[in-house]
Amino acid sequence: LAREEKGDKRLVGYFIAAKNPAPTTEELRVFLKQKLPDHMVPSTFVALDQFPLNANGKVDRHALPEPEANRLHREEERSTPLTDLEAKLKEIWEEVIDRKPIGVRENFFDIGGHSLLAVRLFARIEKVIEKKLPLSLLFQSPTIEQLAKAMSDGVSIAADSCLIEIQPSGSKPPLFWLHTLGGGGGGGVLRYQKLAQLLGPDQPSYGLVAPPEPFSQMEAMAAHYIKEMRTIQPAGPYQLVGYCFGGVVALEIAQQLCAAGDDIGLLAVLDSSPVNVADARTLSANTLDMFTSLPKRFQRFFHQEPSQMLAGVKRKSKQLERKLSALIRNDDVSRSPNEIPLEDVIDMDHYPAGYQHYAEVHWKALLNYFPKVYPGKIILFETTKSPRNASVEAIWKSLAGGGLEVKRIPSTHEQMLDDPYVRIVATELIECLERCNNYPVRSCAT
């Protein structure tokens, strides 16, 4: 039921608990997020012994109590901070997220938080409170209360750790998510939070982020991440998922695991495309399309119109296209791929400052990576509403020695991991996880 409180309308969920104790607010939200779009999930829940009925035996909506009178676990959503640190964090959260009030037990991801807001939030915390925190801490401490406690206790993630817990509980084999371009400090895996949640509470999920100094070679990057993965899962079958740049990283990890004789249960790439596949001198036009779409996501962070940002990117893209065409015409293979700067593809003036170094190093790693044919099966999740000058399917088909399975998602590249399309991805991914683990790839030799 939509109810008005202090001039704002919000959804209130009324329910009768079939068991004692009643489910918590968080348990109800997790369940409903698997069934409903985010904007349809109530912000407040009220437990009732029975519903008020009218003369016709139907629920009398007008007789339902105000949430203030009977809110389930009201203390979970208190808005008054108890400590000075909570008060400072609450002020920062309300400023960055642009919403008042924010309860100290409200989940960052439930109130519209996303990876770019997280970057801005933690940058503000560092400036005001003078404490640098890894973005990945938001997975373990997504509320003001939890974050304040972690900061007070001195709890944080080791600076050199690349492995973070997205959802560590569950009995199923873990799923490893590979960071996107510029995936330093955890921001590159925050994009997976909603998708990981939709896979259910029994599916463990771990994210891999770049170390403080990112690797400039894809092979070294993958080898390091494998060491981190083995601390959680010493042996296969391994399950790997990567979005955009993360898909290429997942490919190289799968190659190395496979060569070492490990089983691969799943290799899924989400609208990703490696370069240097058809012709070592050319950059995939599809990859160019994907990277020029990034400013559409960043505009939420900088509050700019996407058309303004894209205009500059398109100009840079034309420069890159001309350079590539000249290389092809002149048959000049002497020029190193790393001579193509990221600025020729993305206008770095509109890129979050904390990501720039990571993005530049990852970009060079991507351009210098020459993938080999992978002996196992690859599952490609391809968007259908992104402009394409090259076939993503053809690129991955040439690399999938064990066959390519394509899942088409009716979204653009930047919309893929947001509602409502992320629910389509989740449904397809769940089916793949259940089915693909029966067909592991044992080693490159076989």
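Every value quoted in this text rests on a predicted model; they were computed, and no experiment measured them. Values reported hereafter were calculated over all heavy atoms of this structure, with side chains retained and with hydrogens, waters and symmetry mates removed.
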Drop me the distance from [X]'s [atom1] to [Y]'s [atom2], to the nearest 0.5 angstrom.
X    : Y    : atom1 : atom2 : value
I264 : Q255 : CD1   : CD    : 9.5 Å
I166 : L175 : CD1   : CG    : 8.5 Å
N276 : N368 : CG    : CG    : 7.5 Å
E106 : T143 : CD    : OG1   : 10.0 Å

**OP:** Give the C-alpha distance, both sets of side-chain angles, the deciding distance and a yes or no for salt bridge (Lys or Arg N to Asp or Glu O under 4.0 Å) between D418 and R191.
**Re:** CA-CA 9 Å; D418 295 326; R191 286 283 287 161; 3.3 Å; yes
**OP:** May I ask you to check whether W363 and F245 place their ring centers less than 6.0 Å from one another?
**Re:**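 No, they do not, as the ring centres are separated by 6.0 Å or more.
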Original post:
Under 6.0 Å between the ring centres of H179 and Y225?
Top reply: yes
Original post:
Per the salt bridge (charged side-chain N to carboxylate O under 4.0 Å, His left out) rule, which among E94, E95, E91, E130 passes with R124?
Top reply: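 When salt bridge (charged side-chain N to carboxylate O under 4.0 Å, His left out) is applied between R124 and each of E94, E95, E91, E130, only E95 qualifies.
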Original post:
So, E252 and Y369: side-chain donor and acceptor under 3.5 Å apart, yes or no?
Top reply: yes
**OP:** Could you walk me through whether S391 and E393 pass side-chain hydrogen bond (donor to acceptor under 3.5 Å, both in side chains), step by step?
**Re:** CA-CA 5 Å; S391 172; E393 184 175 346; 5.3 Å; no
Subject >> The single option from F381, Y421, Y243 passing ring pair (Phe, Tyr, Trp, His ring centres under 6.0 Å) against H413 >> reply: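 Filter result, single survivor: Y243.
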**OP:** Report the C-alpha separation of E228 and T231 in whole Å, then their side-chain angles, then the decisive distance to 0.1 Å, and conclude whether the side-chain hydrogen bond (donor to acceptor under 3.5 Å, both in side chains) test is met.
**Re:** CA-CA 5 Å; E228 298 265 341; T231 64; 5.3 Å; no
